[in-house]
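Have a look at the structure below before the remarks.
When a residue number appears, it is its place in the shown sequence, counting from 1.
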Amino acid sequence: MKNDQKRLEINPEEIEAVKLMVRKVHEGYSFRQLSFYMQNTSYKPRRGYKWHISSLLDLLHNPVLYGAMQWNDTVYENTYQGIMTKQEFVQLQRIIDSRKLQKKRETNYEFIYQTKIACPSCGNRLSSECSNWKNKNRKQQSANRYRCQSCALKNRPPVSISESMVSESLTEYMKEISFDINGVSEQEETSDNTGDLKAEMKRIEREREKYQRAWAIDLISDVE
């Protein structure tokens, strides 16, 4: 961190936090697990109020950890004392990169409602994920789901729904709506016809009242 003279100096608390992160990565923590873990410690991020996965990755990818300084695309070695050696830093990057490779999917999944469904709790768009398993006949099965990552990161019960359930609900909803060739729904057309019918009934009622008054004063006969 920078002091009042705009010069870099060591912050013991931040060093302890970074060392803890590195140790947890070596223990096998994923960055999602690491963000949850750090959020429950006394260490707080320099910016914001919580530890995000992206900020943890940026921190552990920074060559400042072994005493180098990066400016644009240039890395200046041995600028000050780091908290690890360069060899330890390279090993840490290999661990992080190896876990990224393991998460690569061999199959490209198609998500019909990707970015189309919003969380009813926080309003953020649900992320897409695919679950794979084997049934009792040892046959590979898969299913698409949509889940609120924002609620999950805030330790709130995340909204989660299968793609098949979304399709079924959408189908049932669409069954209740029908359109004519002019693009007007039957519901709207029925509403308009009902209004016309009521107006016609009122007109007939007024005519009947006039005929009754005319008959009462002998202006028209019984036959008429």
With the 4.5 Å side-chain cut-off for hydrophobic clustering, are Val18 and Tyr37 part of the same group? yes
Under a 4.5 Å cut-off applied to non-hydrogen side-chain atoms, are [X] and [Y] in contact?
{"X": "Ser35", "Y": "Leu56", "answer": "yes"}
{"X": "Glu172", "Y": "Glu168", "answer": "no"}
{"X": "Ser121", "Y": "Cys148", "answer": "no"}
{"X": "Lys50", "Y": "Lys154", "answer": "yes"}

Might you work through the side-chain hydrogen bond (donor to acceptor under 3.5 Å, both in side chains) test for Ser128 and Tyr113, ending with a clear yes or no? CA-CA 9 Å; Ser128 308; Tyr113 309 105; over 6 Å; no
About how many Å separate [atom2] of [Y] and [atom1] of [X], when rounded to the nearest 0.5 Å?
{"X": "Cys119", "Y": "Gln149", "atom1": "SG", "atom2": "CD", "value": "11.0 Å"}
{"X": "Lys24", "Y": "Ser30", "atom1": "NZ", "atom2": "OG", "value": "12.5 Å"}
{"X": "Arg94", "Y": "Ile96", "atom1": "CZ", "atom2": "CD1", "value": "13.0 Å"}
{"X": "Glu14", "Y": "Glu16", "atom1": "CD", "atom2": "CD", "value": "11.5 Å"}
{"X": "Leu60", "Y": "Ile95", "atom1": "CG", "atom2": "CD1", "value": "10.5 Å"}
{"X": "Leu20", "Y": "Leu34", "atom1": "CG", "atom2": "CG", "value": "7.5 Å"}

Would you mind checking if Lys202 and Glu205 are paired as a salt bridge, meaning a charged N to carboxylate O distance below 4.0 Å? no
Check Glu209 with Arg206, please: is the shortest side-chain N to carboxylate O separation under 4.0 Å? no
Give the minimum heavy-atom separation between [X] and [Y], together with the two atoms involved.
{"X": "Arg147", "Y": "Ala152", "result": "NH2-CB, 3.8 Å"}
{"X": "Pro157", "Y": "Cys151", "result": "O-CB, 4.3 Å"}
{"X": "Val159", "Y": "Pro120", "result": "CG2-CD, 3.8 Å"}
{"X": "Tyr76", "Y": "Thr74", "result": "CZ-CG2, 3.6 Å"}
{"X": "Lys116", "Y": "Arg125", "result": "O-NH1, 3.5 Å"}

Hey, can you tell me if Tyr66 and Phe89 have their rings parallel, tilted or perpendicular (30° and 60° cut-offs)? tilted
Please answer whether the main-chain N or O of [Y] pairs with a side-chain N or O of [X] as donor and acceptor at a distance below 3.5 Å.
{"X": "Glu77", "Y": "Gly67", "answer": "no"}
{"X": "Asn144", "Y": "Glu110", "answer": "yes"}
{"X": "Asn135", "Y": "Asn137", "answer": "yes"}
{"X": "Trp51", "Y": "Tyr43", "answer": "yes"}
{"X": "Glu163", "Y": "Phe111", "answer": "no"}

Glu200 vs Arg203, test: salt bridge (charged side-chain N to carboxylate O under 4.0 Å, His left out). Steps then yes/no. CA-CA 5 Å; Glu200 182 66 15; Arg203 185 186 66 80; 2.4 Å; yes
The side chain to side chain contact (heavy atoms under 4.5 Å, CB included) partners of Lys198 (sequence neighbours excluded) come to Thr194
Residues, nucleotides or ligands: over 12 heavy atoms within 6.0 Å of Glu13 CD: no
